[in-house]
Visitor: 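Here it is: the structure, laid out below.
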There are 2 protein chains.
Amino acid sequence: MDSRLSGVLHVLLHMAEHEGPATSETLARAMSTNPAVIRRLMAGLREEGYVRSAKGHGGGWEMARPLEEITLADVYRALGSPTLIAMGNRSEQPQCLVEQAVNAALDETMSAAEALVLDRFSEVTLASLSRDFHARMLARGSLSIKDTHNGS
Amino acid sequence: MDSRLSGVLHVLLHMAEHEGPATSETLARAMSTNPAVIRRLMAGLREEGYVRSAKGHGGGWEMARPLEEITLADVYRALGSPTLIAMGNRSEQPQCLVEQAVNAALDETMSAAEALVLDRFSEVTLASLSRDFHARMLARGSLSIKDTHNGS
DNA sequence: TTTTCATGTAACTTGTTTAGTTACAAGATG
DNA sequence: CATCTTGTAACTAAACAAGTTACATGAAAA
């Protein structure tokens, strides 16, 4: 199952907590994955201007805009709007009228579900996710993000 | 992409139009696929009692209940409730509080979308799909289902 | 200027899932 | 008993995300 959105949000919040630029290496360790995966995930966000990257000493990744100004819908689009719905039609543009009727019914429902998701995404900012994270940290009694992960 | 629901609905409506039992062979031709695919698709529906199958001469597939009594939700469940949403979490039960916050936000949205789909499915019967199909047939001026497919 | 660090990106491998295919056993009808 | 049809397992093919490896590019430090 596609976990790119989940992954990239995780990365972004870690970045936001990080003092100064965070390298792909650092982020990859926090996510138990590979630096190249981080770079691949972030490519679209960089192009859209949500994050910045720099090469060489002291380089790495930084937020380029405030968390308040970035919604989940922005992040989702920056990933290339990957498929949300797992069920599709057997064929688009079928000649068979039976299949047309089936497609019409399913399309209507799936479009509504997709619209619902995008609506909600557009109403959640990275800042609100960050607030939720800090609330969880208080609830647990952790003082730093470093206490909060052991590889995951 | 998973097109089993689309496929099985297509099969069911063809079956409903068919005089007497329809063989897997016949249905497979109408769907441009293989008889074994039809049998595999229908296995769950047979177990749930929505369709009947018979071996030997004059055998094949028939509806076991009126179209009016079968909803898309019934069919969906008979398929084993395959995944509706294509995006998931990187890991369930993460230790990382960042990931917990991300998961919570995504889960909430995805659950809502899934509930919306299932709600709609439960309100659409095979009979209503069939009515839509017949309306399309009238609109096109076809007199028989046989005019409506050339392999699809 | 040379070394080191870090990103950018392509290519390949792996794992998972659906669809399609083949083959054949089991059972029902003529 | 011959034929038809389902039931099911096993295999292949195609698609796709994720992980991995490798190396070119470019920036900072020594």
Side-chain angles (χ1 to χ4, degrees), chain A residues 1-8 10-11 15 18 20-48 51-62 64 76 79-91 151-152, chain B residues 1-8 10-11 15 18 20-48 51-62 64 76 79-91 151-152:
Chain A
M1 183 171 285
D2 185 346
S3 64
R4 280 176 293 177
L5 182 59
S6 170
V8 84
H10 192 172
V11 172
M15 270 178 59
H18 199 271
T23 65
S24 305
E25 172 68 30
T26 300
L27 294 170
R29 253 198 306 272
M31 310 264 304
S32 310
T33 184
N34 196 293
V37 173
I38 304 292
R39 297 189 192 114
R40 194 160 55 194
L41 277 177
M42 305 294 284
L45 286 150
R46 183 184 55 231
E47 278 158 28
E48 297 296 323
V51 301
R52 244 191 314 267
S53 63
K55 295 176 177 172
H57 284 274
W61 299 88
E62 274 181 317
Y76 171 73
L79 284 176
S81 302
T83 305
L84 283 173
I85 303 295
M87 305 195 70
N89 296 324
R90 267 172 33 88
S91 64
S152 89
Chain B
M1 184 172 284
D2 185 345
S3 64
R4 280 177 292 177
L5 182 59
S6 170
V8 84
H10 192 172
V11 171
M15 271 177 59
H18 199 270
T23 65
S24 305
E25 173 67 30
T26 300
L27 294 169
R29 254 198 305 272
M31 310 264 303
S32 309
T33 184
N34 195 292
V37 173
I38 304 291
R39 296 187 194 118
R40 195 160 52 195
L41 276 177
M42 306 293 283
L45 286 150
R46 182 185 54 231
E47 278 158 28
E48 298 297 322
V51 301
R52 241 191 317 267
S53 63
K55 295 175 177 174
H57 284 275
W61 300 87
E62 274 181 315
Y76 170 74
L79 284 175
S81 303
T83 305
L84 283 173
I85 302 296
M87 307 196 68
N89 296 323
R90 268 174 30 89
S91 65
S152 93

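Chain letters run A, B, ... following the sequence lines, proteins first, then strands; residues in each count from 1.
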Visitor: Going 5' to 3' along DNA chain C, between which two nucleotides do contacts with chain B fall, using a heavy-atom cut-off of 4.0 Å?
Guide: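 Nucleotide range with atoms under 4.0 Å of chain B: C:dT18 to C:dT29.
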Visitor: Verify, without hydrogens or angle tests, whether A:H18 (side chain) and A:G20 (backbone) share a donor-acceptor contact under 3.5 angstrom.
Guide: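 Judged by distance alone, yes, a pair lies under 3.5 Å.
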Visitor: Output all residues satisfying side chain to side chain contact (heavy atoms under 4.5 Å, CB included) with A:R39, sequence neighbours left out; order by chain, then residue number.
Guide: A:S24, A:P35, A:W61
Visitor: Listed by chain and number, what are the side chain to side chain contact (heavy atoms under 4.5 Å, CB included) partners of A:P21, not counting sequence neighbours?
Guide: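 Per chain and number, A:P21 pairs via side chain to side chain contact (heavy atoms under 4.5 Å, CB included) with A:E62.
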Visitor: Applying a 4.0 Å non-hydrogen cut-off, can you work out what A:G7 is touching in the nucleic acid: base, sugar-phosphate, or nothing?
Guide: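 Here A:G7 touches no strand at all.
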Visitor: Mind checking side chain to side chain contact (heavy atoms under 4.5 Å, CB included) for A:A43 and listing every partner two or more places apart, or none if nothing turns up?
Guide: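 Per chain and number, A:A43 pairs via side chain to side chain contact (heavy atoms under 4.5 Å, CB included) with A:R46.
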Visitor: Side chains of B:R90 and A:H10: closer than 4.5 Å at any heavy-atom pair?
Guide: yes
Visitor: Can you name the residues that form a side-chain hydrogen bond (donor to acceptor under 3.5 Å, both in side chains) with A:T23, not counting sequence neighbours?
Guide: A:T26
Visitor: If you measure from CG on A:L84 to CG on A:D2, what distance do you get to the nearest 0.5 Å?
Guide: 9.0 Å
Visitor: Kindly write out the residues that satisfy salt bridge (Lys or Arg N to Asp or Glu O under 4.0 Å) with A:E25, not counting sequence neighbours, or none if the list is empty.
Guide: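 Once residues adjacent in sequence are excluded, the partners of A:E25 under the salt bridge (Lys or Arg N to Asp or Glu O under 4.0 Å) criterion are A:R29.
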Visitor: Provide a list of protein-nucleic acid N or O atom pairs under 3.5 angstrom, restricted to nucleotides 16-19 of chain D.
Guide:
residue, atom, partner, partner atom, Å
D:dA17, OP1, A:R4, NH2, 3.1
D:dA18, OP1, A:S3, N, 2.7
D:dA18, OP1, A:S3, OG, 2.5
D:dG19, OP2, A:T33, OG1, 3.1
D:dG19, N7, A:R40, NH2, 2.7
D:dG19, O6, A:R40, NH1, 3.2

Visitor: Kindly indicate whether the side chain of B:P82, heavy atoms from C-beta on, has any atom under 4.5 Å from the side chain of B:R4.
Guide: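 Yes. Closest side-chain heavy atoms under 4.5 Å.
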Visitor: Just to confirm, is there a sub-4.0 Å distance from OP1 or OP2 of D:dT6 to any side-chain nitrogen or oxygen of B:S24?
Guide: yes
Visitor: Is any side-chain N or O of B:R39 closer than 4.0 Å to OP1 or OP2 of D:dG7?
Guide: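 Indeed not, no polar side-chain atom of B:R39 lies that close.
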Visitor: Give A:R46 one of three labels, base, sugar-phosphate or nothing, depending on what nucleic acid heavy atoms sit under 4.0 Å from its own.
Guide: sugar-phosphate
Visitor: Students often get this wrong, so: under 4.0 angstrom with heavy atoms, is B:A43 touching a base, only sugar-phosphate, or nothing?
Guide: nothing
Visitor: Mark up nucleotides 25-30 of chain D, 5' to 3', with B wherever a protein heavy atom is under 4.0 angstrom from a base atom, S wherever such an atom reaches only the sugar-phosphate, and - elsewhere.
Guide: BBBBS-
Visitor: Side chain of B:S3, backbone of A:G88: donor and acceptor closer than 3.5 Å?
Guide: no
Visitor: Suppose we screen for side chain to side chain contact (heavy atoms under 4.5 Å, CB included). Which residues come up paired with B:A86, at least two apart in sequence or across chains?
Guide: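 For B:A86 the side chain to side chain contact (heavy atoms under 4.5 Å, CB included) partners, ignoring immediate neighbours, are A:T83, A:A86.
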